[in-house]
Amino acid sequence: MSKIKLLTFSLPVIGGLNWGLVAAAKLDLVAKLTGNRFGETNAASRAIYGAVGVASLVAAAQLVRIRQQGD
């Protein structure tokens with residue numbers, strides 16, 4: 001698997017784990033890593049959230065393509 005594909009499929013998993021931490025422990029790891037408090041954003045955290053969002057769209061498109069090939 002190429003490094004780009006690995007990153008594309010890893011980022012949504014990381015985002016999902018972050019949301020799990022938000023739900024279970026009220027801990028936003030992205031905010032903590034970028035020097036923000038829970039619920040705050042800055043340019044760095046928005047870039048991370050944006051990358052996770054784009055990777056999720058790419059992963060979803062890949063899943064659709066895989067599903068269509070399997071039919």
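Numbers here simply count residues along the sequence, with the first being 1.
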Locate the shortest heavy-atom distance separating Ala59 from Phe9; write the atom from each residue and the value.
CB-CE2, 3.8 Å
Is it true that Leu21 and Leu33 fall in one hydrophobic cluster, defined by side-chain heavy atoms closer than 4.5 Å?
yes
Exceeds 12 heavy-atom contacts within 6.0 angstrom, atom CD1 of Ile4:
no
Answer with yes or no whether the hydrophobic clustering places Val52 together with Leu7; edges join I, L, V, M, F, W, Y residues whose side-chain heavy atoms lie under 4.5 Å apart.
yes
Taking all heavy atoms of Leu11 and all of Ala55, pick out the closest pair and write down the distance.
CB-CB, 3.7 Å
Could you pull out the closest heavy-atom pair between Phe38 and Leu27, with the gap in Å?
CE1-N, 4.3 Å
For Asn18 and Leu29, the nearest pair of non-hydrogen atoms, with its separation, is OD1-N, 2.8 Å
Taking Asn42 for the side chain and Thr34 for the main chain, is one N or O donor matched with an acceptor at less than 3.5 Å?
yes
For Arg65 and Gln68: C-alpha separation, side-chain torsions, deciding distance, then whether side chain to side chain donor-acceptor pair (under 3.5 Å) applies.
CA-CA 5 Å; Arg65 199 181 96 214; Gln68 289 173 344; over 6 Å; no
Any idea which heavy atoms bring Ser45 and Asn36 closest together, and the distance?
OG-ND2, 3.6 Å
